[in-house]
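What follows is a single structure, written as structure tokens, with notes after it.
The figures here come from the full heavy-atom set of this structure, side chains too, leaving out hydrogens, waters and symmetry mates. What you see is a predicted model; the values in this text were computed from it and never measured.
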Amino acid sequence: MDHADGGDGGAAATGGPADAEVRAVEPFDPPGVTWRRVSPRLVTSQRVTSTLWSAPVVVVLLVLAALLTWWIALGAAVVAALWAWGWWLSGRQVPAWGYAERDEDLLVRHGLLFRSLVVVPYGRLQYVDVEAGPVDRRFGLAKVQLHTASPDSDAAIPGLSPEEAARLRDRLAERGRARLAGL
């Protein structure tokens with residue numbers, strides 16, 4: 001059945017030029033953007049953090065299982081399995097983080113299964129935080145947190161060197177001020 005209104009029988013379904021244009025556009029990888037990656041040390045930092053939280057829980061559950069009843073050890077097994085899954089997942093997720101500075105906005109992307117691309121216009125920036133916990137500091141990492149008028153457009157970039165985090169903070173603050181001055 002041929003649809004004259006451009007429905008299912010239109011150019012996109014026939015493999016024409018419109019179909020090629022639709023397939024060429026990737027919403028998570030805009031054309032002409034050069035992505036900067038976060039440090040691979042973020043994997044180790046995340047793994048150490050998860051170990052610091054998981055290991056004591058497993059030990060407590062195993063002690064309780066020895067003192068009270070064996071089935072509490074099932075809880076320890078679940079925590080250990082979640083820790084192992086998080087260990088593997090960290091190695092896969094960190095390479096998916098990226099950010100790119102453009103003339104008018106900053107792009108932040110992450111995720112493998114559930115992908116996300118946040119576009120933060122410089123004129124919407126209210127303030128920029130740089131954070132580093134004790135484990136991140138041990139591995140020479142920091143996180144840049146962007147705050148806008150809408151919490152939905154806030155973004156964070158973890159796994160940056162302190163120097164890059166400071167450079168990005170200053171550059172974003174400068175660009176934000178320049179865009180606000182033009183209003």
Side-chain angles (χ1 to χ4, degrees), residues 28-29 33-67 72-102 105-122 124-177:
F28 299 102
D29 195 13
V33 173
T34 303
W35 294 99
R36 297 184 73 160
R37 301 284 178 201
V38 300
S39 172
R41 293 186 312 250
L42 182 59
V43 173
T44 307
S45 173
Q46 288 180 342
R47 288 176 174 173
V48 167
T49 300
S50 70
T51 301
L52 290 173
W53 287 104
S54 301
V57 172
V58 169
V59 169
V60 167
L61 290 174
L62 289 176
V63 168
L64 288 174
L67 294 175
I72 296 176
L74 295 176
V78 168
V79 171
L82 289 173
W83 170 82
W85 180 68
W87 182 278
W88 172 80
L89 197 59
S90 292
R92 302 267 303 149
Q93 286 181 330
V94 168
W97 276 97
Y99 65 99
E101 297 175 68
R102 297 195 302 186
D105 50 30
L106 177 77
L107 306 176
V108 180
R109 73 176 181 182
H110 62 90
L112 292 171
L113 184 58
F114 298 99
R115 298 174 74 184
S116 173
L117 174 66
V118 178
V119 179
V120 182
Y122 296 129
R124 302 275 304 177
L125 285 175
Q126 290 187 328
Y127 61 98
V128 181
D129 284 337
V130 177
E131 305 170 359
V135 175
D136 284 340
R137 285 194 314 271
R138 167 66 179 90
F139 289 99
L141 299 173
K143 175 173 90 171
V144 172
Q145 178 74 45
L146 310 169
H147 299 276
T148 64
S150 169
D152 293 337
S153 62
D154 286 357
I157 308 169
L160 300 175
S161 69
E163 298 80 19
E164 174 63 8
R167 184 203 67 81
L168 192 58
R169 176 203 59 212
D170 294 343
R171 185 162 171 89
L172 294 175
E174 174 187 324
R175 286 183 167 189
R177 277 193 301 273

Identify the two heavy atoms, one from [X] and one from [Y], that lie closest to each other, and give their separation to 0.1 Å.
{"X": "R41", "Y": "G140", "result": "NH2-O, 3.0 Å"}
{"X": "Y99", "Y": "E164", "result": "OH-OE2, 2.6 Å"}
{"X": "A142", "Y": "A132", "result": "CA-CB, 4.2 Å"}
{"X": "F28", "Y": "W35", "result": "O-CZ2, 3.9 Å"}
{"X": "L112", "Y": "A96", "result": "CD2-CB, 3.8 Å"}
{"X": "R175", "Y": "R102", "result": "NH1-O, 2.8 Å"}

Using 0.5 Å steps for rounding, measure from the [atom1] atom of [X] to the [atom2] atom of [Y].
{"X": "R169", "Y": "L160", "atom1": "CZ", "atom2": "CG", "answer": "12.0 Å"}
{"X": "L113", "Y": "R92", "atom1": "CG", "atom2": "CZ", "answer": "10.5 Å"}
{"X": "L168", "Y": "L106", "atom1": "CG", "atom2": "CG", "answer": "6.5 Å"}
{"X": "I157", "Y": "H110", "atom1": "CD1", "atom2": "NE2", "answer": "10.5 Å"}
{"X": "R177", "Y": "Y122", "atom1": "CZ", "atom2": "OH", "answer": "14.0 Å"}

Please evaluate residues L146 and D154 with respect to the criterion side chain to side chain contact (heavy atoms under 4.5 Å, CB included), reporting the C-alpha separation (whole Å), side-chain torsions for both, the decisive distance (0.1 Å), and the verdict. CA-CA 5 Å; L146 310 169; D154 286 357; 5.9 Å; no
Apply side chain to side chain contact (heavy atoms under 4.5 Å, CB included) to residues R109 and D29 and explain how you reach the verdict. CA-CA 9 Å; R109 73 176 181 182; D29 195 13; 3.7 Å; yes
Determine whether more than 12 heavy atoms belonging to other residues, nucleotides or ligands lie under 6.0 Å from atom [atom1] of [X].
{"X": "W85", "atom1": "CH2", "result": "no"}
{"X": "R138", "atom1": "CZ", "result": "no"}
{"X": "R167", "atom1": "CZ", "result": "yes"}

Any Lys/Arg nitrogen of E174 or R171 sitting under 4.0 Å from an Asp/Glu carboxylate oxygen of the other? no
I would like to know whether T148 and Q126 meet side chain to side chain contact (heavy atoms under 4.5 Å, CB included); could you show each step before the answer? CA-CA 5 Å; T148 64; Q126 290 187 328; 5.5 Å; no
Going through the checks in order, is the side chain to side chain contact (heavy atoms under 4.5 Å, CB included) test met by V144 and V130? CA-CA 5 Å; V144 172; V130 177; 4.3 Å; yes
Donor-acceptor pairs are to be reported for all side-chain atoms of residues 45-66 against protein atoms at under 3.5 Å, with residues two or more places apart or in another chain.
from: S45; atom 1: OG; to: D136; atom 2: OD1; distance (Å): 2.5
from: Q46; atom 1: OE1; to: S90; atom 2: OG; distance (Å): 3.3
from: R47; atom 1: NE; to: W87; atom 2: O; distance (Å): 2.9
from: R47; atom 1: NH2; to: W87; atom 2: O; distance (Å): 3.0
from: T49; atom 1: OG1; to: S45; atom 2: O; distance (Å): 2.9
from: S50; atom 1: OG; to: Q46; atom 2: O; distance (Å): 3.4
from: S50; atom 1: OG; to: R47; atom 2: O; distance (Å): 3.0
from: T51; atom 1: OG1; to: R47; atom 2: O; distance (Å): 2.8
from: T51; atom 1: OG1; to: W83; atom 2: NE1; distance (Å): 2.9
from: S54; atom 1: OG; to: S50; atom 2: O; distance (Å): 2.8

